Structures are given as C-alpha cells and as structure tokens.
There are 2 protein chains.
Amino acid sequence: MEYFQELKATKIFDFASEFDCQAMMFCFKTKFKTFDKNENIITQGNRIEDIILILKGGGIVENIDILGNISIVMQLKKGDVYGVESAYAGDEFYKDSVIATEKTLVLFMNKHRLINPCENRCKRHDFVVKNLMRLVAESNLKLLDKLTHLSKKSTREKLLSYLGLMSERAKSDYFEIPFNITELANYLSVDRSAMSNELSKMKKEGLIDYDKRQFHIFNNKIKY
Amino acid sequence: MEYFQELKATKIFDFASEFDCQAMMFCFKTKFKTFDKNENIITQGNRIEDIILILKGGGIVENIDILGNISIVMQLKKGDVYGVESAYAGDEFYKDSVIATEKTLVLFMNKHRLINPCENRCKRHDFVVKNLMRLVAESNLKLLDKLTHLSKKSTREKLLSYLGLMSERAKSDYFEIPFNITELANYLSVDRSAMSNELSKMKKEGLIDYDKRQFHIFNNKIKY
DNA sequence: ATAAATTTGTTGTAAAAACAACACTTTTTA
DNA sequence: TAAAAAGTGTTGTTTTTACAACAAATTTAT
C-alpha cells in the first residue's frame, strides 16, 4: 500500500497494520494530495469537509481576523492534524487557512465518516478516535500551560512561570528548554530584547543561571 | 434512578435514557458524592483515578506552582468536567486541585473504564466518548481564542482582538459581550482601570461605542 | 576555513501599563 | 426602600515594556 510507512509513523495510525490502514482509507473516504510550497491546503471560510493529517513536509495555520490582521496561529509538521477540534465542535467553516511551507503530502479524512462511528463498529475506528482524543487532550494541556504564563502581567513573572514549570517537569533545578532565546520571547509574546534584559537582571540577582538552553533556577531564593 | 435528571441535563449524558444511565453507572464504576463549600473534590498531586462531572453546585480549579504561587485556573459549574484531558493524555497525577465553592454534587467516573472501550462495545460508550471529545474540542477552541487575544502586546490590541472576534461571531457591528468590564479585564489579564481608560479613549476616537455590555465597533474606522 | 546569516546582550528613549486613590453609579441584599 | 456591596470611570504617579540601534557572539552555509 502506498504511503503505509508514512501513516504508520503518525500518532493516529501507529497501531494499524497495512490491512487496517487499507480498510480505514476506504472507511474514512481518504484522499492523498501533494502540495507545493505556498499552496493553500485549507482555505479559511470554506465548508469543513475533511480533517487533515500531514504525512510529509509542513505548513502554517494562518488566520485573518475581521479587521484584516493576519496572524500565524501555529505550525504544522509531520504527524500533526488540523480541523479535529472544529469538526467535533460542530463548526461549519474552517476558521483558518493552512498553507504549505514546503513540498507537503497531506491525508484528507472525511469529517462525517470520522466523527460518526462505523456501522460495523470496527475496532480500528475506536483506536483512531482514541488517538485523536489524546492529541486534542495534549493540545489542550499545552494551551493551558501557555495561557498560565501569558496571564502573568510582567515579563519576569512570565519567565518564572515558564521556567518554574520546566523545572517541575524535569524534577530538577537544572533543566534544558526547547527554545532558544528568540523563540522563547516569541512563545511568551514579549519583546526579545526586553526579555533578554530581564533574564540578565535575574541572573545578576542570583535568581537563575543559564547558558544557551541550559537553565538553573534557584527556587529557594525566589520565595521564602 | 437517583440523580437521573441531573445526568440528563449534562452534555455528556443528554442522549441517554434512564436505562442507559443505569447501565453506564455500572460500566464506568461511578460514585456520587456531595461536598460542602471549601471541601477538596480533587487534590493536586494525587494519582488520577477518576474523571469528575459536576452535577450540582460548582467549584474552582486551583493550581499551586513550584514557587508556591496559587492561581485559579478556571471555574467549574454544573455540567462541567475535570480531568478528561489529563486522563487521555496519560498523565499520572492531577495537576490541579478542585475545590467546591458551594454545596456540590459530583459524579466520579473511573478513568480506565471510560478511556478503554467496553468489552461489549456498547453504543452508549461511543456516545459518551463523542460527547467528551466535543467538550474537549470546544475547550480547545476557547483556549485558542483567548491565546490569540493575550498574545497581543498592547491593551488596545487585546481589546480589538476580542471585540473583533465577538463582532465576527455576532455577524454584526453591534453585539453583546458575556462579561462586565471587570470580568473582561480579568479575562484579558490586564489592569481593570487601565483597560477602562483605554476603552474610553477608543470611544473618544470613534473606534467603538459601548454601554454596559452592548458594543458597537466601527470596523471601517479601524484600518487606514 | 571563511563568509554570510542569524542570534544575542546591551543601552537609551518613548510609550504604555500597573498601581493606587477616589468619587460616582449600579446592583444586590436585608 | 434604604443600606451595603460591587462595579465603573478618571486621574496622577511609578514602573515596566516596546522599540530601535548596534556590536559581539554564534551558527550555518559555501
């Protein structure tokens, strides 16, 4: 079966045999399609017919609001899906556009076929739904974390909220972050130079130490 | 059956007959429990055994971070669930505490029973999972909206992002928001008085008009 | 290995936000 | 309906942030 390796590598179809995949491709009325760089994979405002899964390449999710402002909502890479939340929430139209940032192979899955359990109640369907649910659940938790940081008023508080969580995750005062400084500023929605400045101050005050992506947080110094 | 009316009123069990409910209560190993005001329904750090559904009353989701800061993550009211994302994401421990803010009736549903499809692959289970998925999907979309607003740097941009979306939803330049001014400031994580001030300025500049929760946005004046 | 591109830290300045205080209005409650 | 509580708009002050500009360091590409 064509593209079986690509399907198997995703979190959605990782459980499935080639036979399973073949069956599901029929069941979900799938279509494979390749897009060139800068091509629209999904267009904002169009009626939701499919959920997409990126099999190769990547893209960006772009939103244009009522005032005409364009903003990048997120990036999509191999294994990522788009449209699941909107489909399950019952939205009628895509709320964003998805644009390929390189040559990209996309799997389209029919929304109705996916959302409504098969007539024959196949076990495969259950697995896919469970995997989709896990993806959406994980996304939810990530968004909540980010919101926690962004809700803080000052840059220092945002940083401490983020670094504190990273430390907690690592179960250590020493940990590595998945961003460089520029990316971190972008993630926390603060000015890079201002944030860099704030980090320096915190280092001087002995609250934290860092080099590149390696951080050391002195939790004892932060609170009594 | 006790509490059937309460179950029927939720988005999770709205489809179910009394017979269905009874069957599911057994299937999901449910427990009903009433909590007094200020009692802990769920304790942060405890092992995740159950997902909860609020049937009467309400509570708050509270998080204590590694630095000792306490923050209210969200409010729970009748029909809301807590723990679904963590359970599906495979977390081991509750990441927050849930505390009753009044006398509250709670349904506990066993995580494993809920996540893993029944042996007998009952149709009811599918409905519940689909309803849970819809809830999580909707939550996801709400969080994304909020993040869009909070990502803006200035108060004015945050306001325009929020009001623009509300206007889009209402398909009109005239719309009503679900917050009062204090609540809106809280939602957007900005100082109330500063935001009130900014709203006044925007009104003076002719960008918007408002009274209480009624807003009128002059989209044509905002660009150019 | 060298050049080019990107990332980073620092500084000063202008703009914006938080904060605090207070009078006034609206809503809730007894 | 009166009193209490909660919400709102305004102002001035202080703190913080964004922004811009630039040199130094690091990474990437050739």
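A quick note: this is a predicted structure, and the numbers were derived from the prediction, not measured. Note that these values count all heavy atoms, side chains included, but never hydrogens, waters or copies made by symmetry. Below, read A as the first sequence line, B as the second, and so on, with proteins coming before strands; counting in each chain starts at 1.
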Q: Flag the pair Glu138(B) and Lys11(B) as a salt bridge only when some basic side-chain nitrogen lies within less than 4.0 angstrom of an acidic carboxylate oxygen.
A: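 Yes.
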
Q: What is the distance, to the nearest angstrom, from the NZ atom on Lys152(A) to the P atom on dT16(D)?
A: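 One finds 17 Å between P of dT16(D) and NZ of Lys152(A), rounded.
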
Q: Report the distance from atom CD of Glu157(B) to atom P of dA18(D), rounded to the nearest whole Å.
A: 11 Å

Q: If you only use heavy atoms from C-beta on, which nucleotide in dA18(D), dT10(D), dA18(C) is closest to the side chain of Thr155(A)?
A: dA18(D)

Q: How are the rings of Phe15(B) and Phe127(B) set relative to one another: parallel (under 30°), tilted (30 to 60°) or perpendicular (over 60°)?
A: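 Ring orientation, 0 to 90° scale: parallel.
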
Q: How long is the line joining CG of Asp191(A) and P of dT11(C), in whole Å?
A: 16 Å

Q: Leu150(A) CG to dT17(D) P: how many Å, rounded?
A: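 After rounding, the gap between these two atoms is 14 Å.
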
Q: Rounded to whole Å, how long is the line connecting atom CD1 of Ile181(A) with atom C1' of dT27(D)?
A: 15 Å

Q: Lys201(A) NZ to dG9(C) P: how many Å, rounded?
A: 15 Å

Q: Give a yes or no on whether the ring-centroid distance for Phe215(B) and Tyr174(B) is below 6.0 angstrom.
A: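 Aromatic pair excluded; centres sit 6.0 Å or further apart.
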
Q: Between Tyr162(B) and Tyr187(B), does the ring centroid distance fall short of 6.0 Å?
A: yes

Q: On DNA chain D, check which nucleotide each of Lys153(A) and Lys212(A) is closest to and give me the residue with the more 5' one.
A: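 Upstream on the strand: Lys153(A).
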
Q: Determine, step by step, whether Phe13(A) and Met24(A) satisfy the side chain to side chain contact (heavy atoms under 4.5 Å, CB included) criterion, reporting the C-alpha distance in whole Å, the side-chain angles of both residues, the deciding distance to 0.1 Å, and the verdict.
A: CA-CA 10 Å; Phe13(A) 293 113; Met24(A) 283 188 284; 3.7 Å; yes

Q: Toward the 5' end of DNA chain D, which comes first, Lys158(A) or Glu183(B), by nearest nucleotide?
A: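 Mapping each residue to its closest nucleotide by heavy atoms, the 5'-most match is Glu183(B).
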
Q: Rounded to whole Å, please give me the gap between CZ in Arg192(A) and P in dT10(C).
A: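 Going from CZ in Arg192(A) over to P in dT10(C) covers 11 Å.
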
Q: For Met195(A) and dT17(D), give me the distance from atom CE to atom P, rounded to whole Å.
A: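 Result: 12 Å.
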
Q: Look at the side chain of Val190(B) and decide which nucleotide, out of dA18(C), dA16(C), dT11(C), has an atom nearest to it.
A: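 Looking only at heavy atoms from C-beta outward on Val190(B), the closest nucleotide is dA18(C).
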
Q: Between Ser196(A) and Ser193(B), name the one whose nearest nucleotide on DNA chain C is closer to the 5' end.
A: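 Its nearest nucleotide being more 5', the pick is Ser196(A).
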
Q: Of all the nucleotides listed (dT10(C), dT8(C), dA17(C)), which has the minimum atom distance to the side chain of Thr182(A)?
A: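 Of all the options, the side chain of Thr182(A) is nearest to dT8(C).
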
Q: Give one of base, sugar-phosphate or nothing for Asn180(B), where a contact means two heavy atoms less than 4.0 Å apart.
A: sugar-phosphate

